[in-house]
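Everything on this sheet refers to the single structure shown next.
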Amino acid sequence: MHRVKTRNRPTLPTAPAMPTPPLVVSEPEAARLVGLGIRTMQQLRADGAGPPFVKLTSRRIGYSMAGLQDWIASRSARSTSDITMRQIGGAA
């Protein structure tokens, strides 16, 4: 029987699997992500001015990543006049 020689071909390195981002993050993590303090997040939530939250249990609040991203996008402005118009109820 005749033996066929095969080449040892180098294998390409595979990229590590990207971790799936969480759907919901804790209140401290949400505060860290948006650059605010936990107490500020709590005050914004009480006033209804913060990002939408999820009541996970009777004692645990979370924030969806999509909700945080939408909230940040809704607060984005290109100039200070954009913010002034938004504060007095004008079109932004």
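A quick note: this is a predicted structure, and the numbers were derived from the prediction, not measured.
Cluster annotation: Met65 and Leu44 are assigned to the same hydrophobic cluster (Ile/Leu/Val/Met/Phe/Trp/Tyr, side-chain heavy-atom contacts under 4.5 Å, transitive). If you chain together hydrophobic residues whose side chains sit under 4.5 Å apart, Leu68 and Leu23 never meet in one group. Under the 4.5 Å side-chain contact rule for hydrophobic residues, Phe53 and Leu33 share a cluster.
Going from atom CD1 of Ile61 over to atom CD of Gln42 covers 9.0 Å, rounded to the nearest 0.5 Å. Note: Asp70 CG to Ser64 OG = 7.5 Å, rounded to the nearest 0.5 Å. Within the model, atoms CZ of Arg75 and CD1 of Ile72 stand 7.5 Å from one another, a figure rounded to the nearest 0.5 Å.
When all heavy atoms of Tyr63 and Ala30 are compared, the pair lying nearest together is CD1-CB, 3.5 Å. Considering every non-hydrogen atom in both Pro51 and Gly67, the closest pair reads CB-O, 4.3 Å.
Side-chain N or O atoms of Trp71 include one that pairs as donor or acceptor with a backbone N or O of Ala49 at under 3.5 Å.
Residues Met41 and Val34 have side chains in contact (heavy-atom distance under 4.5 Å, counting atoms from C-beta outward). Residues Ser26 and Arg60 form a side-chain contact, since some pair of their non-hydrogen atoms from C-beta on lies under 4.5 Å apart.
Classification of Arg45 and Glu27 as a salt-bridged pair holds, one side-chain N sitting under 4.0 Å from a carboxylate O.
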